[in-house]
J.: 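Before anything else, here's the structure in question.
Below, read A as the first sequence line, B as the second, and so on, with proteins coming before strands; counting in each chain starts at 1.
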4 protein chains.
Amino acid sequence: MGSRQRRGDTRQRIQDVAVELFAEQGYEKTSLREIAERLDVTKAALYYHFKTKEDILISLFDDLTRPMDELIEWGRGQPHILDTKQELLRRYSLALTQAAPLFRFMQENQATIRELSIGESFKDRMLKMLEIIKDPDAPLADQVRCVSALFTMHAGMFALKDMEGDPEDKRKAVLEVAIELVTQAHSDPHTA
Amino acid sequence: MGSRQRRGDTRQRIQDVAVELFAEQGYEKTSLREIAERLDVTKAALYYHFKTKEDILISLFDDLTRPMDELIEWGRGQPHILDTKQELLRRYSLALTQAAPLFRFMQENQATIRELSIGESFKDRMLKMLEIIKDPDAPLADQVRCVSALFTMHAGMFALKDMEGDPEDKRKAVLEVAIELVTQAHSDPHTA
Amino acid sequence: MGSRQRRGDTRQRIQDVAVELFAEQGYEKTSLREIAERLDVTKAALYYHFKTKEDILISLFDDLTRPMDELIEWGRGQPHILDTKQELLRRYSLALTQAAPLFRFMQENQATIRELSIGESFKDRMLKMLEIIKDPDAPLADQVRCVSALFTMHAGMFALKDMEGDPEDKRKAVLEVAIELVTQAHSDPHTA
Amino acid sequence: MGSRQRRGDTRQRIQDVAVELFAEQGYEKTSLREIAERLDVTKAALYYHFKTKEDILISLFDDLTRPMDELIEWGRGQPHILDTKQELLRRYSLALTQAAPLFRFMQENQATIRELSIGESFKDRMLKMLEIIKDPDAPLADQVRCVSALFTMHAGMFALKDMEGDPEDKRKAVLEVAIELVTQAHSDPHTA
DNA sequence: CATGAATGAGTGTTCATTCAT
DNA sequence: AATGAATGAACACTCATTCAT
């Protein structure tokens with residue numbers, strides 16, 4: 001019965017277990033044997049669903065990069081005004097929350113990801129988001145504020161895990177600080 | 001000549017190469033064979049100087065944690081006023097700059113480090129620094145500001161690498177933003 | 001053809017080669033590379049069938065300890081009379097003959113085995129057999145006779161290898177001496 | 001002071017530690033590093049005193065084989081009567097007691113020793129001792145009794161370690177059984 | 001849709017041994 | 001009489017990957 005219900009969703013189950021283990025132990029330290037054992041299948045079965053180990057990782061990122069791409073596309077269609085920037089952060093915050101484990105993984109395995117084909121593409125996306133909220137002619141400190149806004153959002157949620165309080169409250173607090181940073185960077189009158 | 005001059009500094013040379021490779025490729029993906037080959041010695045030679053691979057990593061962190069411990073001790077002896085917090089960040093900024101590659105490594109290999117004996121000890125240190133700059137009764141957003149200040153400093157310097165500009169200017173800009181965050185968190189009148 | 005016929009019996013073939021090499025050279029001096037080469041497979045193939053090197057050894061002992069356990073169980077269900085003791089030795093003699101190479105290995109690698117998980121369990125079994133044939137209140141010399149009976153059986157067969165004569169004749173001679181020792185130990189009237 | 005008193009006796013100290021560790025863990029599992037660490041010298045120091053690891057072992061056996069050689073020479077000069085055989089066992093028992101750890105080592109590392117140059121020479125000695133107490137034309141069982149007598153003496157002392165009782169009492173008991181076996185083998189009237 | 005069996009390349013680690021000093 | 005530094009060869013073990021069934 002249990003095995004009947006599982007018919008056809010093996011691919012999804014692999015992804016679920018992979019996200020969990022990758023986030024917990026890192027990509028390199030997680031072996032396919034481990035994933036297979038948790039699912040009670042053989043390693044070879046994984047290869048029916050994915051061509052390589054890296055392929056599993058890439059498939060996970062697809063769920064993550066799609067919302068980001070949409071976000072970027074949306075942002076580019078908007079005027080470069082403060083409101084756009086703030087809204088971008090708001091939407092990004094929600095996207096992050098939904099793909100939290102994957103982001104935690106990304107945050108903690110940058111060295112690994114950098115070498116993977118996915119690394120470049122992700123960095124690209126981050127730069128594109130920065131382009132939307134950042135003014136290249138602004139003073140250095142303002143540019144740092146924008147970078148910091150994004151990083152704060154990435155790190156914030158995981159770094160705050162041991163702090164007491166409702167997760168949603170924490171998300172809002174992080175978002176508030178990020179928006180503030182961007183607002184400050186935007187409104188700062190600069191004479192470059 | 002080259003090999004004569006090298007006598008006695010092998011341990012240091014191992015550390016240098018290790019820092020470089022660990023930062024570049026990550027801890028797991030850097031093999032002892034690779035380190036040995038770069039130094040033109042055998043793997044076994046590494047084991048004369050270090051008991052295990054992890055031991056190499058630990059030895060690297062010693063150079064890093066000592067200044068942090070001094071900083072924490074200094075901070076604890078000061079009154080919990082804004083000035084102390086700002087000065088702590090200023091000093092931390094300098095410490096970070098000096099051990100930049102190691103911090104880049106740490107920033108990018110959190111998943112790996114977490115499992116190592118060193119992970120806990122480093123997290124402890126971060127929490128102790130937070131205790132100095134953060135007020136546990138402050139509103140959530142203010143606490144986020146303090147966390148963000150530290151993370152901004154960690155990430156800032158590496159994330160800004162592709163941006164043009166003098167490294168020292170960038171360091172100051174990052175520091176400025178961090179100080180601002182902490183200042184705001186401190187001065188915020190809160191009625192908890 | 002040869003390789004086709006071999007399908008499915010690799011595990012057994014590993015055990016066969018392992019017994020032979022362990023007995024010939026000792027456990028420590030026999031490397032997995034050596035076993036693998038003899039079988040014309042890779043080392044990794046061994047790990048498909050056994051989790052560790054020690055596991056191979058343990059699996060070999062399973063074939064040995066099962067008959068011993070049966071023997072012990074049988075002996076415990078019998079009255080502590082001379083007949084039982086003699087019959088135990090007779091049955092043990094047969095068991096030993098069947099697992100001769102393994103016993104030779106055990107006899108010659110006691111130091112190694114002692115440190116392995118198997119060591120304790122084997123010693124236990126020997127003590128349990130002793131309990132059946134030995135009277136704890138008997139004079140020391142009688143107790144020695146019982147210990148000697150078992151040891152004679154262990155060592156006898158291998159020590160007598162270079163002596164001319166039919167193996168079965170030798171087995172019977174060893175058994176005869178062992179039975180004699182136990183008989184003497186049993187019938188000895190003692191006033192402890 | 002301690003180090004002054006140690007001057008010149010390093011060779012002896014190496015032997016002492018080696019005997020102890022070899023007996024405890026076996027020859028293969030005892031590394032020179034371990035021996036050196038126990039003596040608080042470097043591995044290289046061992047090589048000042050002994051040419052190879054095997055050389056240490058050989059030097060240990062010298063202390064053991066000398067008394068055996070004397071014993072064999074003595075035995076050969078005596079008539080092949082029961083008294084000679086009994087006296088041989090008595091003397092051997094004392095020799096064994098004096099070199100107990102080494103004999104324990106030999107008993108437990110036969111597979112190792114067999115491959116060493118020393119192995120053959122030791123086996124030779126055992127055969128020579130057998131020649132003295134054993135009649136090659138006697139019935140098989142009698143020959144087994146003689147082999148058993150020697151083996152009982154070897155094994156007896158270590159196998160009886162967990163048994164309660166004074167070591168000297170145990171030695172005598174073992175000797176008693178061995179003498180008995182040889183006596184029986186000798187007096188047995190045989191018509192081959 | 002999945003398994004059983006295997007591989008080749010690699011890992012970190014240990015060892016006995018050497019030799020200039 | 002002993003050390004510091006190193007080597008070369010080996011070892012047990014793990015990994016991602018393959019493929020016939």
J.: Which sits closer to the 5' end of DNA chain F, C:Thr52 or A:Thr30, going by the nucleotide each is nearest to?
T.: C:Thr52

J.: Could you check D:Gln15, D:Glu54, D:Arg11 and say which one makes a side-chain hydrogen bond (donor to acceptor under 3.5 Å, both in side chains) with D:Ser59?
T.: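 Running side-chain hydrogen bond (donor to acceptor under 3.5 Å, both in side chains) over D:Gln15, D:Glu54, D:Arg11 with D:Ser59 returns exactly one hit, D:Gln15.
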
J.: So among B:Glu20, B:Lys53, B:Gln25, which one has a side-chain hydrogen bond (donor to acceptor under 3.5 Å, both in side chains) with B:Thr30?
T.: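 Exactly one pass, corresponding to B:Gln25.
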
J.: For B:Val41 and for C:Glu54, find the nucleotide of DNA chain F with the closest heavy atom, then tell me which residue's nucleotide is more 5'.
T.: B:Val41

J.: Tell me the interatomic distance from D:Glu37, atom CD, to E:dA16, atom P, rounded to whole angstroms.
T.: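 So the two atoms are 12 Å apart, to the nearest Å.
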
J.: Does E:dA16 have OP1 or OP2 under 4.0 Å away from a side-chain N or O of D:Arg33?
T.: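 No.
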
J.: What stems show up for DNA chain F when you take Watson-Crick pairs (N1-N3 plus N6-O4 or O6-N4) and G-U wobbles (N1-O2, O6-N3), both under 3.5 Å, and require three or more consecutive pairs?
T.: E:2-21 with F:2-21

J.: When the distance from CG of B:Asp40 to P of F:dA5 is rounded to whole Å, what number comes out?
T.: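 About 18 Å, once rounded to whole Å.
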
J.: List the steps and the verdict of side-chain contact (heavy atoms from CB on, under 4.5 Å) for A:Phe105 and A:Val19.
T.: CA-CA 8 Å; A:Phe105 167 71; A:Val19 145; over 6 Å; no

J.: Rounded to whole angstrom units, what separation is found between the CD1 atom of A:Ile35 and the P atom of F:dT17?
T.: 11 Å

J.: Rounded to whole Å, how long is the line connecting atom CD of C:Gln25 with atom P of F:dC11?
T.: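 Going from C:Gln25 (CD) to F:dC11 (P), I get 11 Å.
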
J.: Starting at atom OH of D:Tyr27, determine the distance to atom C1' of E:dC15, rounded to an integer number of angstrom.
T.: 12 Å

J.: Using whole Å, what does the distance between atom C1' of nucleotide E:dC15 and atom OH of D:Tyr47 come to?
T.: 9 Å

J.: In whole angstrom, give the distance that lies between atom NZ of B:Lys51 and atom P of E:dT14.
T.: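 Interatomic distance, NZ of B:Lys51 to P of E:dT14: 8 Å.
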
J.: According to a strict under-4.0 Å criterion, is D:His49 in side-chain N/O contact with OP1 or OP2 of F:dA2?
T.: yes

J.: Report the residue (A:Ala45 or D:Lys29) whose heavy-atom-nearest nucleotide on DNA chain E is the more 5′ of the two.
T.: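 Looking at the nearest nucleotide for each, A:Ala45 comes out on the 5' side.
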
J.: From the options E:dC19, E:dA2, E:dT17, select the nucleotide whose nearest atom is closest to the side chain of D:Leu32.
T.: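 Of the candidates, E:dT17 comes closest.
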
J.: Within the 4.5 Å heavy-atom criterion, are C:Gln107 and D:Gln107 side-chain neighbours or not?
T.: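 They are in side-chain contact.
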
J.: In whole angstroms, how far is the C1' atom of F:dT14 from the NZ atom of A:Lys53?
T.: 11 Å

J.: Is the cationic atom of B:Lys29 (NZ for Lys, CZ for Arg) positioned less than 6.0 Å from the six-membered ring centroid of A:Tyr27 and within 45 degrees of its normal?
T.: no

J.: About how many Å separate CZ of A:Phe22 and CD1 of A:Ile113, when rounded to the nearest 0.5 Å?
T.: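 That separation rounds to 10.5 Å.
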
J.: With a cut-off of less than 4.0 Å, is there a side-chain N or O of B:Tyr48 near OP1 or OP2 of F:dA6?
T.: no

J.: Would you call D:Glu37 and D:Arg33 a salt bridge, using N to O less than 4.0 angstrom?
T.: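 Answer for the salt bridge query: yes.
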
J.: Ignoring hydrogens and angles, does a donor from either the side chain of B:Lys43 or the base of E:dT13 sit under 3.5 Å from an acceptor on the other?
T.: yes

J.: I want to check something: taking the side chain as every heavy atom from C-beta on, are A:Met68 and A:Met126 in contact at a cut-off of under 4.5 Å?
T.: yes

J.: Is any side-chain N or O of A:Thr10 closer than 4.0 Å to OP1 or OP2 of E:dC1?
T.: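 No, because none of the side-chain N or O atoms of A:Thr10 sits under 4.0 Å from OP1 or OP2 of E:dC1.
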
J.: Just to confirm, is there a sub-4.0 Å distance from OP1 or OP2 of F:dC11 to any side-chain nitrogen or oxygen of C:Ser31?
T.: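 Affirmative; the distance criterion is met.
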
J.: Quick one: on DNA chain E, does D:Glu34 or A:Ala44 contact a more 5' nucleotide (nearest heavy atom)?
T.: A:Ala44

